[in-house]
Every structure is written in C-alpha cells, then in structure tokens.
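The next block holds one structure in the form of structure tokens; read it before the comments.
Residue numbering restarts at 1 for every chain, and letters A, B, ... go by the order of the sequence lines. Bear in mind that the values here come from a model prediction, so they are computed numbers and not experimental data.
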2 protein chains.
Amino acid sequence: MKGSVAGAKITGPPRVHDVQRLRRRLDAHMRQRGLRSTDQRRVIVDTFFDIDEHATIDRLAELVRSRDPRIGYATVYRTVRMLVASGVAKERRFGDGHTRYELADEQAHHDHLICLACGRITVFEEPSIEPVRQRIAERHGFELHEHKHELYGLCEQCRKG
Amino acid sequence: MKGSVAGAKITGPPRVHDVQRLRRRLDAHMRQRGLRSTDQRRVIVDTFFDIDEHATIDRLAELVRSRDPRIGYATVYRTVRMLVASGVAKERRFGDGHTRYELADEQAHHDHLICLACGRITVFEEPSIEPVRQRIAERHGFELHEHKHELYGLCEQCRKG
DNA sequence: ATTATTGCAAATATTTTGCAATAAC
DNA sequence: GTTATTGCAAAATATTTGCAATAAT
C-alpha cells in the first residue's frame with residue numbers, strides 16, 4: 001500500500017522549529033562525513049522542512065515528486081536516513097505500520113496523543129514529567145537518552161461523531 | 001531473519017500476573033464468539049502464560065514447537081492475535097523491528113526501560129504519572145484509553161562494560 | 001580522476017491470508 | 001453435519017540494498 005497513506009495532520013499549539021539551527025546541524029554532519037550536496041537532497045530536505053506533518057516516506061516521496069518527479073523512492077529513503085543520523089529528524093512509530101518522521105525539536109521535547117479512530121496526531125509538552133523520568137532511570141541504574149510517551153484514545157471529534 | 005531473535009529477558013521487580021483472571025477473560029472471549037478450543041491453542045496459550053518475556057512471535061513459536069513441533073507459525077500468529085483481541089496480551093514495539101507480546105497487566109500498568117546497547121527490557125511502575133496523563137488528555141479534549149511510556153538509554157551493565 | 005549518489009529493480013524481512021484438509025462442536 | 005481451525009505456501013507490506021550509470025568534488 002505504498003500510495004495510500006492517511007493524511008495525519010498535526011493539531012495542537014504551533015511549534016516553532018529552529019529551522020536555521022537544524023539546517024546548520026545537517027550541514028555540519030554532511031561536511032564532517034564528506035557527504036555531497038545534490039539537487040535531489042536539496043529538494044527532499046527542503047520538502048521535509050516545509051511540511052508540518054508526521055510524514056511517512058511514502059508521503060514525503062509523493063510531495064517530493066510533485067516538485068521533481070524524477071526523484072526516486074530510494075533516494076528519499078536514504079536521505080531521510082541521513083536526516084535521522086544527523087539528528088535533524090526523529091523516527092516515530094505509532095503502531096499503524098507506517099514509520100513516520102518529524103523534525104527534531106531542539107527547544108523542548110514533545111510527545112504525542114494519537115486518536116485510535118481517525119489517526120490524528122496531536123503534540124503536547126509536559127516538562128513536569130522529565131524529572132520523574134530521571135528518577136525512574138536512576139532507580140534502575142539507567143542512563144537516560146530519550147523517551148517516548150504516547151497517549152492513545154479518542155480525539156474530540158471522534159468522541160462526538 | 002525468522003530464527004535469530006535476541007533473547008530480551010525481563011529484569012525488574014517480580015510481577016504477579018493475575019493469570020487466573022486472564023484465563024477467565026480469554027475463556028469468556030472465546031465462548032462469546034464461538035471460538036473453539038484446540039490442542040494447538042491450548043499449547044500456545046499455556047506457553048504464552050508460562051514465559052515471562054516480551055516474546056516475539058518467532059520466539060513464542062520456537063518455544064511452542066519445543067512442546068509440539070507440528071504446530072505451525074501461522075497458528076501461533078493467529079492465536080496471539082486472538083490473545084490481543086481478548087485483551088489478555090499486549091502488543092509492544094520497541095523499535096528494533098520485532099513486534100513483541102506480553103501478558104496484560106490487570107492490576108497496574110507498567111512501562112518499559114529499553115537499553116539501546118543490549119536491548120534489555122526492564123519494566124517499571126510509576127502511578128504518579130497517571131493523573132498527569134489524564135490532565136493532558138482532558139486539556140486536548142481527548143478520551144484516554146491507553147498509553148506507552150518508554151525510556152531509552154543505557155542499562156547499568158552497558159554503562160560499565 | 002576519484003568517489004559519492006542516484007534510480008531501478010531485486011532482495012529482505014515481516015506480517016497476513018487463500019485454501020484444501022482436518023478437527024471441534 | 002456444519003463450521004471453525006490448521007498448516008502450508010503464497011501474497012501482501014514495508015524496508016533495505018546491489019549495481020551500473022551519473023554527478024559532485
């Protein structure tokens with residue numbers, strides 16, 4: 001089902017990605033490793049920065065192709081992998097079988113509410129939980145690197161409808 | 001790579017699954033839907049109740065086959081799906097590409113610490129977060145059904161090693 | 001010139017299903 | 001007897017890669 005991705009729009013407080021900083025980080029990553037700047041990568045990266053969606057590779061490839069139809073799926077795939085490796089993108093799996101990608105949030109971590117009925121993804125921030133996580137990690141001798149906190153249920157529309 | 005599943009043992013406080021209750025729930029589920037009790041299902045379900053692991057289908061099938069080699073992968077797969085449908089098993093994806101299953105925890109929710117180096121899965125309970133989750137859900141008009149809270153990092157051994 | 005990148009098609013990996021044979025009810 | 005279940009093999013999904021052609025440095 002490569003062509004039929006449900007459009008998972010984001011709702012919630014408008015987030016300000018520090019796009020400039022992320023672009024610099026990507027540039028540094030590429031420079032350090034001798035990775036080359038190509039037309040394809042520029043289009044893919046620009047598209048990824050433009051969309052405010054938890055996009056799948058398929059969805060991103062679709063958008064990329066609307067800008068340049070000659071760019072192949074594999075190139076989109078490999079470029080996204082590069083984005084993840086550089087820390088610019090985060091991989092998310094919400095359990096519907098589609099791996100999604102979003103811009104890394106440099107300022108604050110955010111987590112997700114996922115509607116079980118319509119698949120809508122809403123972001124939230126709850127900094128008060130962070131120290132609790134730290135405490136849990138310590139209690140288990142664990143060095144905490146990252147986390148996922150996902151709340152599943154019914155969104156406002158789906159409760160009513 | 002169907003045969004090569006890293007053995008992700010559980011560490012942490014010994015959990016007491018209310019196995020009796022879960023078995024009754026499964027029985028009720030099966031009765032209600034006219035599902036039949038077969039030798040294969042009995043072996044698979046017993047095996048699943050016996051192991052205290054976040055097992056993949058492959059791992060479960062392996063253990064099942066050590067009890068009865070004639071039971072096919074598809075039957076294990078479909079039986080696990082039945083367990084999930086009845087609420088007796090929970091599906092977990094920790095991002096290593098292997099979907100895992102564990103007994104549902106009727107008494108208390110538990111969440112997971114996952115070591116990024118060795119894959120070790122440790123469970124934890126932190127009831128104090130529950131009201132925070134409720135508050136987040138309410139704030140977004142969301143009816144909360146379930147959640148995932150996963151902490152990724154390095155376990156004690158891997159920090160030292 | 002050298003080496004990374006691209007795009008295709010093919011390989012992997014995993015999950016899911018069609019169907020004839022079998023077994024539970 | 002009727003209908004669910006099994007087990008195989010095959011289909012469906014999703015992800016990843018080999019390689020010859022191409023492009024960036």
Side-chain angles (χ1 to χ4, degrees), chain A residues 1-6 8 26-27 29-45 47 54-62 64-65 67-86 89 91-101, chain B residues 1-6 8 26-27 29-45 47 54-62 64-65 67-86 89 91-101:
Chain A
M1 235 215 253
K2 274 203 175 169
S4 71
V5 172
L26 178 58
D27 289 347
H29 176 88
M30 292 179 73
R31 222 177 310 111
Q32 279 167 12
R33 317 201 174 202
L35 303 179
R36 292 171 183 176
S37 183
T38 65
D39 288 347
Q40 290 92 331
R41 282 183 178 168
R42 273 188 292 276
V43 172
I44 295 164
V45 171
T47 305
H54 292 74
T56 59
I57 304 271
D58 284 355
R59 173 68 177 144
L60 181 58
E62 189 183 296
V64 163
R65 286 226 180 78
R67 298 187 184 190
D68 182 344
R70 289 166 311 171
I71 297 176
Y73 178 91
T75 303
V76 177
Y77 167 78
R78 285 185 278 227
T79 301
V80 168
R81 192 160 56 179
M82 178 184 75
L83 288 168
V84 171
S86 71
E91 199 176 282
R92 300 287 177 194
R93 290 166 212 249
F94 296 129
D96 64 348
H98 297 283
T99 303
R100 296 171 186 280
Y101 298 87
Chain B
M1 234 210 253
K2 274 203 178 174
S4 73
V5 172
L26 177 59
D27 288 347
H29 176 87
M30 292 178 73
R31 221 175 311 111
Q32 278 166 15
R33 316 200 175 204
L35 302 178
R36 291 171 184 178
S37 184
T38 65
D39 286 349
Q40 290 94 330
R41 282 184 178 167
R42 273 188 292 276
V43 172
I44 295 164
V45 170
T47 305
H54 292 72
T56 59
I57 303 272
D58 283 356
R59 174 67 176 143
L60 181 58
E62 189 184 295
V64 163
R65 285 224 182 78
R67 299 190 182 188
D68 183 345
R70 289 166 309 172
I71 297 178
Y73 178 91
T75 303
V76 178
Y77 168 78
R78 285 186 278 227
T79 302
V80 168
R81 193 160 58 180
M82 177 184 77
L83 288 168
V84 171
S86 70
E91 200 176 281
R92 300 287 178 195
R93 290 168 211 251
F94 297 129
D96 64 348
H98 297 282
T99 304
R100 294 170 187 282
Y101 297 87

Please check the phosphate of [N] (OP1 and OP2 only) for any side-chain N or O of [X] closer than 4.0 Å.
{"X": "B:Gln40", "N": "D:dG7", "answer": "yes"}
{"X": "A:Thr99", "N": "D:dT15", "answer": "yes"}
{"X": "B:Thr38", "N": "C:dA24", "answer": "no"}
{"X": "A:Tyr77", "N": "D:dT15", "answer": "no"}

Would you say the side chain of B:Val43 lies within less than 4.5 Å of the side chain of B:Thr47, judging by non-hydrogen atoms?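 They are in contact (side-chain heavy atoms under 4.5 Å apart), so the answer is yes.
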Is any side-chain heavy atom of A:Tyr73 less than 4.5 Å from a side-chain heavy atom of A:Ile57?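 Counting from C-beta outward, A:Tyr73 and A:Ile57 do come under 4.5 Å.
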Regarding B:Arg65 and B:Glu62, does a basic nitrogen lie under 4.0 Å from an acidic carboxylate oxygen?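 Here B:Arg65 does not pair with B:Glu62 in a salt bridge, since their nearest N and O are not under 4.0 Å apart.
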Please state whether the base of D:dT3 and the side chain of B:Arg36 form at least one donor-acceptor pair under 3.5 Å?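 Yes, the side chain and the base share a sub-3.5 Å donor-acceptor pair.
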With distance as the sole criterion, do the side chain of B:Arg81 and the base of C:dT16 form a donor-acceptor contact below 3.5 Å?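 No such pair is found, so the answer is no.
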Can you tell me which nucleotide in D:dT6, C:dT5, C:dG7 comes closest to the side chain of B:Arg41?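 Closest nucleotide among those given: D:dT6.
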Using the side-chain heavy atoms of A:Ala74, tell me which of these nucleotides is nearest: C:dG18, D:dT5, C:dG7.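 So the nucleotide nearest the side chain must be C:dG7.
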Residue pair B:Thr99 / B:Arg92, side-chain donor-acceptor N/O under 3.5 Å: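 There is no such pair between these side chains.
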Contact class for B:Ile71 (heavy atom, under 4.0 Å): base, sugar-phosphate, or nothing?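 Sugar-phosphate only.
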